[in-house]
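Single-structure report; data block below.
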Amino acid sequence: MSKREEYRSVVITLKETLPTITAQQHSLLLQQGVQQFGLSKDDAEEILNASGIVIGESVDYLDVLKLSIEELQDKSDSEISVRVNAAHRRAYSASLRAGGQPRLDGKTQEQWRTLLNKACDTLKNPQKRQEYLESYLIQHGSFVKQTDNLSQFKTQEQPTPQTTSRTSRTSLTSMFSSDDSEPEELITGTPNDMVFIPAGEFPMGNHDDSTDVKDNPLHIVHVDSFFMDKNLVTNIQYKEFVDANPEWQKASDWFDWHKKLKTSIRKKFHDGDYLKNWHENIYPDGKEHHPVTWVSWYAAMAYAEWIGKRLPTEAEWEKAARGGLMWQKYPWGNTIDTTYANYQSNIGDTTKVGEYPANGFGVYDMSGNVWEWCIDVYDADYYLESPKRNPISGASALKSVSVDMTDAPKYRVLRGGSWLDAPQFLCSDYRYKNVSTRTLSRIGFRCVKSVKT
């Protein structure tokens with residue numbers, strides 16, 4: 001496929017995903033055609049114009065029908081339907097009385113009546129109304145609380161993080177960043193060895209029809225801001241954890257059997273190969289700055305809690321991996337070679353963290369070196385109908401994730417590929433799984449931290 005056709009595919013996919021784009025998004029999309037696909041500005045503009053993609057801010061259906069969100073709050077479907085129908089009749093009658101006179105907003109009367117009908121249809125349909133009001137509340141600095149009745153909504157003010165001076169980005173941030181995201185600035189108090197990932201929307205999943213994308217189809221996701229470790233957790237860092245927490249140490253030799261019930265990891269939290277490459281509780285010589293491996297999901301969760309962080313959600317991981325780039329296979333672009341990552345046994349083992357270039361957010365080794373545990377339960381069908389805001393498989397919210405680790409082992413998500421894997425496994429959208437007790441020489445993790453104001 002030529003670069004021109006690749007760009008056309010991107011535009012068509014975007015059109016199918018978003019009903020409208022803003023003028024800023026249009027400008028960034030045009031810039032992408034020039035910078036990433038090597039097109040002239042005229043060629044890129046021609047493709048955009050031919051696609052029929054609509055440029056303009058999202059339509060406020062409540063304003064169109066002169067309704068307030070309070071009029072829809074805590075009402076039954078039938079009550080909402082009555083209110084919306086009445087508002088539609090008033091607005092439609094006024095439009096008919098105006099005849100063919102031009103409107104002040106530049107729309108023809110026919111365009112306006114079409115918009116009125118669409119607003120009425122959206123607000124009367126429970127599912128469409130739910131999606132619209134979620135988007136509306138997000139754009140107006142609030143969040144939606146979903147209850148058993150889809151027509152009930154409660155709003156809450158969303159705190160605004162304090163920020164410091166503006167810092168430059170090393171790559172173009174996503175055109176899908178939403179209006180409620182923090183400015184391109186660092187939040188005050190960014191923890192050492194972490195980077196700030198801004199809130200906003202991004203296109204999660206794969207738009208390449210040549211690959212099997214059934215478990216991660218292209219969809220738009222909003223993720224709240226968070227901090228992420230620049231690097232994978234290393235052996236020397238994990239050593240501090242096991243020294244401070246004997247119950248997570250590797251089982252000692254046979255002569256210490258009378259102590260190991262209290263001073264080593266419980267069997268239910270691993271598969272028998274925990275820290276397999278360590279000699280007792282000493283990491284391999286010369287590998288203090290290599291990522292820790294042979295760690296289960298349970299062990300990764302325990303380390304994260306001990307250090308005051310957590311594992312990333314799968315959506316957080318993918319947003320961070322993309323580094324602000326759009327529609328690219330890898331964190332750095334569409335091509336791969338051994339200057340970008342440790343993969344396909346080109347070295348035959350892990351490498352020190354940070355040996356390869358960071359992505360646009362300043363995060364290292366998001367592809368290759370080791371697979372990374374995410375907090376989510378693996379569900380092949382989850383992203384067919386997942387929430388648009390902060391999705392997390394296996395839980396309704398982060399606070400509902402089990403941290404006492406008493407549940408039976410489940411398949412958990414792994415992301416990023418490893419030193420052993422072929423290029424396709426290193427793609428930013430590729431999903432992998434393993435049971436939460438599994439330990440391997442190519443599985444590690446890194447931590448994140450929610451932004452607190």
Side-chain angles (χ1 to χ4, degrees), residues 13-22 25 54 57-62 69 72 118 121-123 125-156 158 173-182 197-207 213-226 312-322 324 326-327 374-377 379-401 413 428-429 431 448 450-451:
T13 302
L14 178 61
K15 181 185 175 184
E16 294 172 351
T17 306
L18 295 178
T20 63
I21 62 173
T22 65
Q25 290 170 346
V54 178
E57 302 297 331
S58 57
V59 178
D60 187 338
Y61 290 147
L62 293 174
I69 196 165
L72 307 186
K118 189 170 184 180
D121 174 68
T122 298
L123 294 179
N125 182 292
Q127 183 174 351
K128 291 180 180 179
R129 183 173 66 247
Q130 170 77 13
E131 294 175 354
Y132 170 75
L133 289 177
E134 284 182 357
S135 174
Y136 178 91
L137 291 170
I138 290 170
Q139 291 173 9
H140 289 75
S142 304
F143 69 86
V144 62
K145 180 180 179 181
Q146 185 173 354
T147 63
D148 292 335
N149 186 338
L150 289 175
S151 65
Q152 295 176 357
F153 298 89
K154 296 183 180 180
T155 61
Q156 176 175 325
Q158 192 174 34
T173 54
S174 172
M175 66 181 286
F176 296 95
S177 294
S178 63
D179 292 339
D180 70 319
S181 62
E182 294 86 351
I197 311 296
E201 293 180 338
F202 77 102
M204 184 176 180
N206 193 322
H207 71 288
V213 296
K214 287 184 292 186
D215 70 344
N216 197 9
L218 182 66
H219 57 293
I220 301 301
V221 169
H222 179 282
V223 173
D224 290 343
S225 57
F226 61 99
T313 69
E314 187 175 10
E316 287 175 333
W317 189 95
E318 185 169 326
K319 179 169 185 178
R322 292 188 178 280
M326 300 174 292
W327 316 103
C374 293
I375 206 167
D376 305 57
V377 173
D379 178 351
D381 297 325
Y382 180 67
Y383 291 113
L384 296 176
E385 297 181 351
S386 61
K388 291 184 178 179
R389 188 178 178 99
N390 300 320
I392 173 170
S393 177
S396 59
L398 282 168
K399 64 182 180 181
S400 64
V401 176
V413 173
S428 299
D429 56 73
R431 305 180 71 207
V448 300
S450 300
V451 170

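The structure displayed is predicted, hence computed values, not measured ones.
In this structure, the side chains of Arg322 and Asp429 come closer than 4.5 Å at one or more pairs of heavy atoms. For the pair Pro391 and Thr313, the minimum side-chain heavy-atom distance is 4.5 Å or more. The closest side-chain heavy-atom distance from Leu398 to Ile392 is below 4.5 Å.
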- Task: Could you check Arg389 against His222 for side-chain contact (heavy atoms from CB on, under 4.5 Å), going step by step and ending with a plain yes or no?
- Result: CA-CA 5 Å; Arg389 188 178 178 99; His222 179 282; 3.3 Å; yes
- Item | Residues Asn390, Val223; criterion side-chain contact (heavy atoms from CB on, under 4.5 Å); working and verdict | CA-CA 5 Å; Asn390 300 320; Val223 173; 4.2 Å; yes
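To the nearest 0.5 Å, the span separating OG1 on Thr122 from OH on Tyr61 amounts to 4.5 Å. Between the CD1 atom of Ile197 and the CG atom of Asp224 there is a distance of 13.5 Å, given to the nearest 0.5 Å. Between the CZ atom in Arg431 and the CG atom in Asn206 there is a gap of 12.5 Å [rounded to 0.5 Å]. Rounded to the nearest 0.5 Å, atoms CD (Glu316) and OG (Ser450) are 6.5 Å apart. Rounding to the nearest 0.5 Å gives a distance of 16.0 Å between CD1 of Ile375 and CH2 of Trp317.
Side chain of Lys319 to backbone of Pro198: a donor-acceptor contact under 3.5 angstrom is found.
Side-chain contact check for Tyr382 and Glu314: no donor-acceptor pair (N or O, by modelled atom type) lies under 3.5 Å.
Nearest approach of Phe202 to Ala315, heavy atoms of both residues: CZ-O, 3.6 Å. The two residues Ser393 and Asp376 come nearest to each other via the heavy atoms N-OD2, 3.0 Å. Shortest non-hydrogen contact noted between Met204 and Asn216 is CG-OD1, 4.1 Å.
Applying the side chain to side chain contact (heavy atoms under 4.5 Å, CB included) test to Asn125 and every residue at least two apart in sequence or in another chain returns Gln127, Lys128.
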